[in-house]
Amino acid sequence: MDFRDYIRSKILKKNDRILEFGPLIRPIVDKKDYPNIFFADVRSTEDIMKLYTSSDYMQATGIDVDINSVAEIDYVINKSYAETFKDKEKFDVVYLSHVIEHMPDIVFFLKDVANILKKNGKLILLYPDARYCFDHFRNGTTFVDAYDVYMSEEKNKKAVFDFTYNVVHENSPEFFWGSDDVVEILPKNNFKDAAKTYDSAGHNDLPDDVHFWPFSDYQFVKFLYDMDRAGMLDFDISFFHETQINTQEFMIVLKLKNKKIADYKKYKKTLSTISPVNKMNKIIGENNTLARELAEKEKIAQELSAELHSIYKSKRWQIATNLAKINKVVSRRK
């Protein structure tokens, strides 16, 4: 499944009022086709171009951005979504692709963005799976980590340290899916550099760009569940698709919910589908089934082999063989 094609064909409507945050060089749709789409970022178009001309983030990850293709930003976020759009009509859809992992406070974002959506509004997220990108060796995120940042006045200096210390230059999903020895690219980043960014972040001086929240698809849904049962999430899961083979992103569509109660059954079903343990048990079960089928076929093959051996040794077979030879000679003489 191409997630972006799915979003365009199954979710977005031509007349929807849409806000895409952080389109960079790949907006989900063109303004010519969707006249009510708007682009927002924490930086102006000019500042984004400056950022991606040269940055610590690009040097650390190997990401390359064509600054001449940067989308024109309509709204620069001022403090919060609620503040920036307080006098604007609310949106039918808010879309973010590989963006919220860059936000220092993910809990605040999820609470804040709910303020600018209409009653049946949707929040669509494409999120990089940490297992299959330059975050591979990062330490995973939990709700406890995010809650600690939300309740603290400091930025997420722990995540800044982890990013600086453990990010690698490799970002090809095919490499992480197909390599037999991923540990060959174990991070070798300098501890003193990481410690320096940690200290700076403690004074709210963040690097140019950081993945603050490394998640696998399973970890992200579990994070939402923990946030929801804490009474801090204003969304329900409308649609979820796990990370596909040889890709590095998963997709989740959230909708504003009517009740504050967490939909336990929905989370249970989703987590059960993508649980690493369940997947491993499924693979083991399939392997055991294949092993049984192979053993049965080998038994049948042995029985057939024994029966053929018995036929070869029988007098009837010997006579039939000799007759065949005689017929062959007679045929040649004719």
Side-chain angles (χ1 to χ4, degrees), residues 18-24 28 38-43 48 51 57 73-86 88 90-118 121-130 135 140-160 162-163 201 204 206-215 217 219-238 240 249-257 260 262:
I18 305 165
L19 179 70
E20 178 172 1
F21 185 85
L24 197 54
I28 185 64
F38 302 91
F39 302 132
D41 205 294
V42 293
R43 299 178 177 91
I48 293 171
L51 171 65
Y57 174 75
I73 300 302
D74 298 300
Y75 297 103
V76 177
I77 302 302
N78 177 28
K79 296 181 181 178
S80 68
Y81 282 86
E83 177 66 23
T84 304
F85 297 98
K86 63 182 179 181
K88 308 294 181 182
K90 293 189 176 184
F91 295 93
D92 298 288
V93 176
V94 173
Y95 169 77
L96 300 94
S97 174
H98 295 237
V99 172
I100 69 171
E101 65 274 12
H102 294 279
M103 296 183 175
D105 191 339
I106 191 172
V107 172
F108 176 78
F109 162 75
L110 288 170
K111 292 176 70 64
D112 181 32
V113 74
N115 294 309
I116 66 169
L117 281 166
K118 294 180 181 178
K122 294 182 177 67
L123 173 63
I124 306 173
L125 304 173
L126 295 187
Y127 206 101
D129 191 316
D135 285 326
T141 300
T142 68
F143 171 65
V144 175
D145 299 322
Y147 181 75
D148 182 58
V149 171
Y150 177 70
M151 297 301 293
S152 172
E153 293 183 0
E154 288 188 344
K155 299 296 185 182
N156 195 345
K157 59 181 184 179
K158 174 184 171 184
V160 171
D162 184 35
F163 179 87
N204 291 336
L206 300 179
D208 290 335
D209 218 343
V210 168
H211 276 195
F212 289 97
W213 314 106
F215 285 109
D217 49 14
Q219 290 171 330
F220 187 76
V221 176
K222 174 58 166 57
F223 161 74
L224 290 179
Y225 172 65
D226 288 341
M227 188 174 170
D228 202 352
R229 64 195 179 103
M232 301 178 71
L233 186 66
D234 296 309
F235 297 96
D236 284 324
I237 296 176
S238 176
F240 176 82
E249 64 182 4
F250 53 89
M251 177 173 69
I252 189 162
V253 180
L254 302 173
K255 62 179 180 180
L256 283 180
K257 63 182 177 182
K260 288 292 183 181

A.B. asks: List the atom pairs, donor and acceptor, that lie under 3.5 Å between side-chain atoms in residues 143-151 and the rest of the protein, sequence neighbours left out.
C.D. replies:
from	atom 1	to	atom 2	distance (Å)
Asp145	OD1	Lys158	NZ	3.0
Asp145	OD2	Thr142	N	3.0
Asp145	OD2	Thr142	OG1	3.1

A.B. asks: Report the distance from atom CZ of Phe235 to atom CG of Leu123, rounding to the nearest 0.5 Å.
C.D. replies: 5.0 Å
A.B. asks: Which pair of heavy atoms, one from Lys122 and one from Leu117, lies closest together, and at what distance?
C.D. replies: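 Shortest heavy-atom separation between Lys122 and Leu117 comes out as O-CD2, 3.5 Å.
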A.B. asks: Going by ring-ring contact (aromatic ring centres under 6.0 Å, His included), name the residues that satisfy it together with Tyr95, two or more places apart in sequence or in a different chain.
C.D. replies: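 For Tyr95, no residue satisfies ring-ring contact (aromatic ring centres under 6.0 Å, His included) once neighbours in sequence are set aside.
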A.B. asks: Hey, what do you get for CD1 (Ile237) to CG (Asp228), rounding to the nearest 0.5 Å?
C.D. replies: 8.5 Å
A.B. asks: Considering residues at least two apart in sequence or located in another chain, which fulfil the side chain to side chain contact (heavy atoms under 4.5 Å, CB included) criterion with Lys88?
C.D. replies: Arg17, Tyr75, Phe85
A.B. asks: Are Val113 and Phe21 close enough, and set up right, to give a side-chain contact (heavy atoms from CB on, under 4.5 Å), and what steps lead you there?
C.D. replies: CA-CA 11 Å; Val113 74; Phe21 185 85; over 6 Å; no
A.B. asks: I need the minimum non-hydrogen distance between Lys118 and Lys90, along with the two atoms involved.
C.D. replies: CE-O, 3.1 Å
A.B. asks: Please check this pair: side chain of Glu20 against backbone of Ile28, looking for a donor-acceptor N/O pair closer than 3.5 Å.
C.D. replies: yes
A.B. asks: Rounded to the nearest 0.5 Å, what's the gap from CG on Asp217 to CG on Asp129? Could you check?
C.D. replies: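 Answer rounded to 0.5 Å: 5.0 Å.
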A.B. asks: If we ignore hydrogens and angles and just use 3.5 Å, is the side chain of Trp213 paired with the main-chain N or O of Met103 as donor and acceptor?
C.D. replies: yes
A.B. asks: Does Tyr127 form a side-chain contact (heavy atoms from CB on, under 4.5 Å) with Glu101? I'd like the steps, not just the answer.
C.D. replies: CA-CA 8 Å; Tyr127 206 101; Glu101 65 274 12; 3.3 Å; yes
A.B. asks: In sequence, state the C-alpha distance, the side-chain angles, and the governing distance for Asp209 and His102, and then conclude on side-chain contact (heavy atoms from CB on, under 4.5 Å).
C.D. replies: CA-CA 7 Å; Asp209 218 343; His102 294 279; 2.7 Å; yes
A.B. asks: Nearest 0.5 Å, what's the CG-NE2 distance between Asp162 and His211?
C.D. replies: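 It is 12.5 Å, given to the nearest 0.5 Å.
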A.B. asks: Could I get the full list of salt bridge (Lys or Arg N to Asp or Glu O under 4.0 Å) partners for Asp105, not counting sequence neighbours?
C.D. replies: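 Not a single residue meets the salt bridge (Lys or Arg N to Asp or Glu O under 4.0 Å) criterion with Asp105.
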A.B. asks: When you compare the side chain of Leu224 with that of Phe240, does any pair of heavy atoms fall below 4.5 Å?
C.D. replies: no
A.B. asks: Distance from Leu125 atom CG to Ile252 atom CD1, nearest 0.5 Å?
C.D. replies: 7.0 Å
A.B. asks: Minimum heavy-atom separation for Ile18 to Phe91, with atom names?
C.D. replies: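 For Ile18 and Phe91, the tightest heavy-atom pair comes out as C-CD2, 3.7 Å.
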A.B. asks: Once rounded to the nearest 0.5 Å, what's the spacing between atom CD1 of Ile48 and atom CD1 of Ile73?
C.D. replies: 4.0 Å
A.B. asks: Could you work out, with side-chain hydrogen bond (donor to acceptor under 3.5 Å, both in side chains) as the rule, every residue matching Lys157, not counting sequence neighbours?
C.D. replies: none
A.B. asks: What residues, two or more places apart in sequence or in another chain, satisfy salt bridge (Lys or Arg N to Asp or Glu O under 4.0 Å) together with Lys222?
C.D. replies: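 Lys222: salt bridge (Lys or Arg N to Asp or Glu O under 4.0 Å) contacts with Asp226.
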A.B. asks: Looking only at non-hydrogen atoms, find the nearest pair between Val107 and Phe223 and report the distance.
C.D. replies: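 Val107 and Phe223 have their closest heavy atoms at CG2-CZ, 4.3 Å.
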A.B. asks: Carefully, step by step, assess Leu206 and Phe212 under the rule side-chain contact (heavy atoms from CB on, under 4.5 Å).
C.D. replies: CA-CA 11 Å; Leu206 300 179; Phe212 289 97; 3.7 Å; yes
A.B. asks: Mind checking whether Phe250 and Phe220 have parallel, tilted or perpendicular rings, split at 30° and 60°?
C.D. replies: tilted
A.B. asks: Can you list everything that forms a side chain to side chain contact (heavy atoms under 4.5 Å, CB included) with Glu249? Sequence neighbours excluded, please.
C.D. replies: Phe3, Arg4, His98, Leu126
A.B. asks: Among residues at least two apart in sequence or on other chains, which ones pass side-chain hydrogen bond (donor to acceptor under 3.5 Å, both in side chains) with Asn156?
C.D. replies: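 Per chain and number, Asn156 pairs via side-chain hydrogen bond (donor to acceptor under 3.5 Å, both in side chains) with no residue.
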A.B. asks: Once ring-ring contact (aromatic ring centres under 6.0 Å, His included) is applied, do any residues pair with Phe39, and if so which ones, sequence neighbours excluded?
C.D. replies: none
A.B. asks: Which heavy atom of Val99 sits nearest a heavy atom of Gly22, and at what distance?
C.D. replies: CG2-O, 3.7 Å
A.B. asks: Does NZ in Lys255 sit with more than 12 non-hydrogen atoms of other residues, nucleotides or ligands closer than 6.0 Å?
C.D. replies: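 Result for NZ/Lys255: open.
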A.B. asks: Only counting residues at least two apart or in another chain, list the ones meeting side chain to side chain contact (heavy atoms under 4.5 Å, CB included) with Asp112.
C.D. replies: Ser80, Tyr81, Ala82, Phe108, Asn115
A.B. asks: Do you know which two heavy atoms are closest between Ala40 and Pro23, and how far apart they sit?
C.D. replies: O-CD, 3.7 Å
A.B. asks: Can you sort out the partners of Lys111 under salt bridge (Lys or Arg N to Asp or Glu O under 4.0 Å), two or more places apart, ordered by chain and number?
C.D. replies: none
